[in-house]
Amino acid sequence: MMLSMRLPTSSAALRRNSRRCITSLPSWATLDPTSLGSATTPHSVTNLVNGQWNTPAKSLIIPNPMDKDAPPVCTVPDTQPEELTPFIESMNRIPKSGVHNPLKNVERYLQFGEISRKAGQ
């Protein structure tokens, strides 16, 4: 009996908190599934290598999961083995200790700590 009396309060609090969380989401963090595939030209995802956006030779088409007859949602890179050379060269330029090693770059480490502190406020 006591448990059934507590449930409405808990579920009401849960609904109130979930509503508050949903309404506080920024617009870029939401997606209306009915809008998927509404554009006649699907969004095109590209590769990023050496700070440049590159279009691959081949792409995979991602169909609309809500309506198979609607236009595709997007195209994503289908990077082929012969296109991997720039990626491998870019990775080889990274030092073995990494680019964010706190022992080699103390200022950067402190900067990330400050960013984390501000994010936690």
Side-chain angles (χ1 to χ4, degrees):
M1 185 69 152
M2 190 66 147
L3 182 62
S4 64
M5 290 175 61
R6 297 174 87 189
L7 279 177
T9 308
S10 299
S11 64
L14 181 62
R15 275 194 305 268
R16 189 172 52 252
N17 287 338
S18 65
R19 225 178 284 129
R20 185 176 2 175
C21 290
I22 291 171
T23 58
S24 65
L25 283 175
S27 61
W28 56 264
T30 60
L31 173 70
D32 178 14
T34 59
S35 70
L36 290 174
S38 60
T40 54
T41 305
H43 176 73
S44 179
V45 179
T46 55
N47 289 325
L48 177 66
V49 62
N50 295 322
Q52 300 289 324
W53 294 103
N54 301 315
T55 305
K58 290 176 136 183
S59 293
L60 297 173
I61 296 173
I62 307 299
N64 187 328
M66 305 297 277
D67 181 6
K68 67 179 181 178
D69 299 323
V73 176
C74 65
T75 60
V76 295
D78 185 15
T79 308
Q80 301 300 303
E82 57 273 5
E83 297 177 284
L84 294 178
T85 305
F87 294 94
I88 295 168
E89 289 171 355
S90 176
M91 289 188 290
N92 286 335
R93 285 193 296 272
I94 304 294
K96 289 186 190 252
S97 60
V99 293
H100 301 295
N101 187 327
L103 300 175
K104 291 190 174 186
N105 194 351
V106 177
E107 294 80 24
R108 186 77 168 166
Y109 186 64
L110 293 173
Q111 183 184 19
F112 284 142
E114 184 65 16
I115 291 168
S116 297
R117 185 188 67 78
K118 286 181 180 178
Q121 289 180 340

Visitor: For Leu60, enumerate each residue passing the side-chain contact (heavy atoms from CB on, under 4.5 Å) test, keeping only those at least two apart in sequence or located in another chain.
Guide: Val76, Asp78
Visitor: Quick check: does any side chain N or O of Glu83 sit under 3.5 Å from a backbone N or O of Ala57, one acting as donor and the other as acceptor?
Guide: yes
Visitor: I'd like to check the side-chain hydrogen bond (donor to acceptor under 3.5 Å, both in side chains) partners of Thr79; sequence neighbours left out, ordered by chain and number.
Guide: Asn47
Visitor: Taking all atoms of both residues into account, what is the closest heavy-atom pair of Asn64 and Ala70, and its distance?
Guide: ND2-CB, 3.4 Å
Visitor: With a 4.5 Å cut-off on side-chain heavy atoms, are Val45 and Pro77 touching?
Guide: yes
Visitor: So which atom in Pro86 and which in Asn50 form the shortest heavy-atom distance, rounded to 0.1 Å?
Guide: O-ND2, 4.2 Å
Visitor: In the structure I gave you, are the side-chain heavy atoms of Ser44 and Thr75 within less than 4.5 Å of one another anywhere?
Guide: yes
Visitor: Is it the case that over 12 heavy atoms from other parts of the model lie below 6.0 angstrom from the OH atom of Tyr109?
Guide: no
Visitor: Considering non-hydrogen atoms only, spot the tightest contact between Ser97 and Lys104 and give its length.
Guide: OG-NZ, 3.2 Å
Visitor: CD of Gln111 to CG of Asn105: how many Å apart, nearest 0.5 Å?
Guide: 9.0 Å
Visitor: Compare every heavy atom of Leu48 with every heavy atom of Phe87, then report the nearest pair and how far apart it is.
Guide: CE2-O, 3.9 Å
Visitor: Would you call Glu114 and Leu110 a side-chain contact if the rule is heavy atoms closer than 4.5 Å?
Guide: no
Visitor: I'd like to check Ile61 versus Pro42 (side-chain heavy atoms, cut-off strictly below 4.5 Å). Are they in contact?
Guide: no
